[in-house]
Amino acid sequence: PFNRYMEPIPLEGSLAGRRKYRIRAYAVDSLGNRSAEMTPFDIIVDKSSVYAAEGGKAGATGTPDSPYGTLDEAILAALRTGRRFIYVRGTVPLRNPVSIRNPLTIMGGFDDSWNESSQGMARLSCSTLDGGSVFVVEQTDFELKNLRIEHTGTGSHTLIDAREGSVTIGHSNLSSVGGVELSVIRAVGSTVRVDTAEITVGSALTARFLDMTDGTLKLTSSSLKASP
């Protein structure tokens, strides 16, 4: 059914996630003649997310039409503005470690129009030199979804370090290689959920998929692999 509008239509956003509207319309002239229906199109209204994509340019604003080119910029913007979601498309680098103290979800799997797509994952590349952690999660919730993360490091290093928080990994591939001692996930007093994921470690003297103390682990439909 159609509703009659005589003035601009407000399209509301939500802090709980993006909203997608499909616009369909036709016009009626002063004699009551109805036009053909216009070609439908979609509009996304998003007050809760930041966008990053391969090919993002300097000076970007983090919107769907102007995505950041690095995950560093996207995370800083999300933490600064209190936005909970970062949507990623293509291959995007993370150049520096980040500390996460507010709920945050990083999600890939989008087509060129930012519609959710099952055709592929977004790819994140990151490294840690001389030890350290890429993601430090402190007393908050952190989720990775539809991502392929490729992590290299030297010395003793960790991809995700959770401290009294929760980490959820879904439909993702995580690879961590190099160094003397590596842990993909180190968790203290935290909850870790891994669902439909593949985690690979290699090229280190000592490698751990998970180093956990006083926490809860739920592993579902996932695989753990070690490479030379």
Side-chain angles (χ1 to χ4, degrees), residues 13-20 44-54 56 60-64 67-94 96-111 113-126 133-151 158-174 184-185 187 190-199 215-222:
S14 171
L15 296 177
R18 63 185 194 164
R19 286 183 176 175
K20 184 176 182 179
I44 294 175
V45 180
D46 197 345
K47 298 170 61 176
S48 62
S49 309
V50 176
Y51 291 76
E54 184 174 353
T61 57
T63 64
Y68 293 117
T70 70
L71 193 60
D72 305 71
E73 296 171 288
I75 290 176
L76 288 174
L79 297 179
R80 184 179 65 250
T81 60
R83 300 193 176 193
R84 177 160 186 172
F85 302 95
I86 296 176
Y87 295 130
V88 184
R89 185 179 65 205
T91 299
V92 177
L94 175 63
N96 298 289
V98 292
S99 180
I100 299 168
R101 295 184 174 88
N102 297 314
L104 185 65
T105 295
I106 303 175
M107 179 176 173
F110 296 94
D111 64 15
S113 299
W114 292 105
N115 297 308
E116 293 185 31
S117 171
S118 60
Q119 298 304 310
M121 303 175 181
R123 176 176 170 265
L124 305 181
S125 60
C126 55
S133 303
V134 177
F135 299 104
V136 177
V137 182
E138 299 186 78
Q139 297 182 330
T140 194
D141 302 324
F142 182 52
E143 182 176 7
L144 300 171
K145 187 175 180 181
N146 298 332
L147 298 171
R148 184 183 303 276
I149 300 179
E150 299 173 358
H151 168 230
T158 303
L159 178 58
I160 303 171
D161 186 354
R163 307 166 186 175
E164 298 182 354
S166 73
V167 174
T168 301
I169 299 169
H171 299 273
S172 297
N173 294 345
L174 278 58
V184 180
I185 304 172
S190 300
T191 298
V192 177
R193 304 176 185 88
V194 181
D195 182 20
T196 318
E198 179 180 297
I199 301 177
T216 301
L217 170 65
K218 184 176 182 180
L219 186 67
T220 307
S221 302
S222 299

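Atoms considered below: every heavy atom in the structure, side chains included; atoms not considered: hydrogens, waters and symmetry mates.
- Here Arg101 contributes atom CZ and Glu138 contributes atom CD; the two are 4.5 Å apart, rounded to the nearest 0.5 Å.
- Within the 4.5 Å cutoff, side-chain heavy atoms of Leu71 are placed close to those of Ile86.
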Any chance you could lay out the side-chain contact (heavy atoms from CB on, under 4.5 Å) test for Leu159 and Cys126, step after step, and finish with the verdict? CA-CA 9 Å; Leu159 178 58; Cys126 55; 4.1 Å; yes

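- In this structure a side-chain-to-backbone donor-acceptor pair under 3.5 Å is present from Thr70 to Glu73.
- In summary, the aromatic rings of Trp114 and Tyr87 are positioned with their centroids too far apart to meet the 6.0 Å limit.
- Summarising the geometry of Thr140 relative to Ile100, their closest heavy-atom pair is CG2-O, 3.5 Å, with the distance given to 0.1 Å.
- Closest approach of Pro93 to Gly69, counting heavy atoms only: CD-O, 3.5 Å.
- Of all non-hydrogen atoms in Pro97 and Ser133, the two that sit nearest each other are CB-O, 3.2 Å.
- A distance of 4.5 Å separates OH in Tyr51 from CZ in Arg18, rounded to the nearest 0.5 Å.
- The two residues Asp72 and Asn96 have their closest heavy-atom pair at OD2-N, 2.9 Å.
- In this structure, Ser172 contributes its side chain and Gly170 its backbone to a donor-acceptor pair below 3.5 Å.
- By the 4.5 Å heavy-atom criterion applied to side chains, Val136 and Val98 are not counted as neighbours.
- With rounding to the nearest 0.5 Å, the separation of OG in Ser49 from CZ in Arg84 is 11.0 Å.
- The side-chain hydrogen bond (donor to acceptor under 3.5 Å, both in side chains) check on Gln139 picks up Glu164, with sequence neighbours excluded.
- Of the possible polar contacts, none joining the Asn146 side chain to the Met107 backbone as a donor-acceptor pair under 3.5 Å is found.
- Nearest heavy-atom pair, Val92 versus Val88, reported as atom, atom and distance to 0.1 Å: CG2-CG1, 3.7 Å.
- Residues passing the ring-ring contact (aromatic ring centres under 6.0 Å, His included) test with Tyr68: none are found, sequence neighbours excluded.
- A distance of 11.5 Å separates CZ in Arg89 from OG in Ser117, rounded to the nearest 0.5 Å.
- Results of the side-chain hydrogen bond (donor to acceptor under 3.5 Å, both in side chains) test with Ser166 over Thr191, Asp141, Thr216 single out Asp141 as the only residue that passes.
- Note that the CG atom of Leu174 and the CD1 atom of Ile160 stand 5.5 Å from one another [nearest 0.5 Å].
- Here the side chain of Arg83 pairs no donor or acceptor atom with the backbone of Ser48 at under 3.5 angstrom.
- Glu143 contributes no side-chain N or O that, together with a main-chain N or O of Thr105, makes up a donor-acceptor pair within less than 3.5 Å.
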Trace of the salt bridge (Lys or Arg N to Asp or Glu O under 4.0 Å) decision for Arg163 with Asp161: CA-CA 7 Å; Arg163 307 166 186 175; Asp161 186 354; 3.0 Å; yes

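- Between the Ser190 side chain and the Gly165 main chain, a donor and an acceptor come within less than 3.5 Å of each other.
- Under a 4.0 Å N-O distance rule, the pair Arg123/Glu150 qualifies as a salt bridge.
- Residues Val50 and Ile75 have side chains not in contact (no heavy-atom distance under 4.5 Å, counting atoms from C-beta outward).
- Looking at residues two or more places apart in sequence or on another chain, you find a ring-ring contact (aromatic ring centres under 6.0 Å, His included) between Phe142 and Phe135.
- The main-chain N or O of Thr220 is found under 3.5 Å from a side-chain atom of Ser222 such that the two form a donor-acceptor pair.
- Between Leu147 and Met121, the closest side-chain pair of non-hydrogen atoms is not below 4.5 Å.
- For the atom pair CG of Leu124 and OG1 of Thr91, the computed distance is 8.5 Å after rounding to the nearest 0.5 Å.
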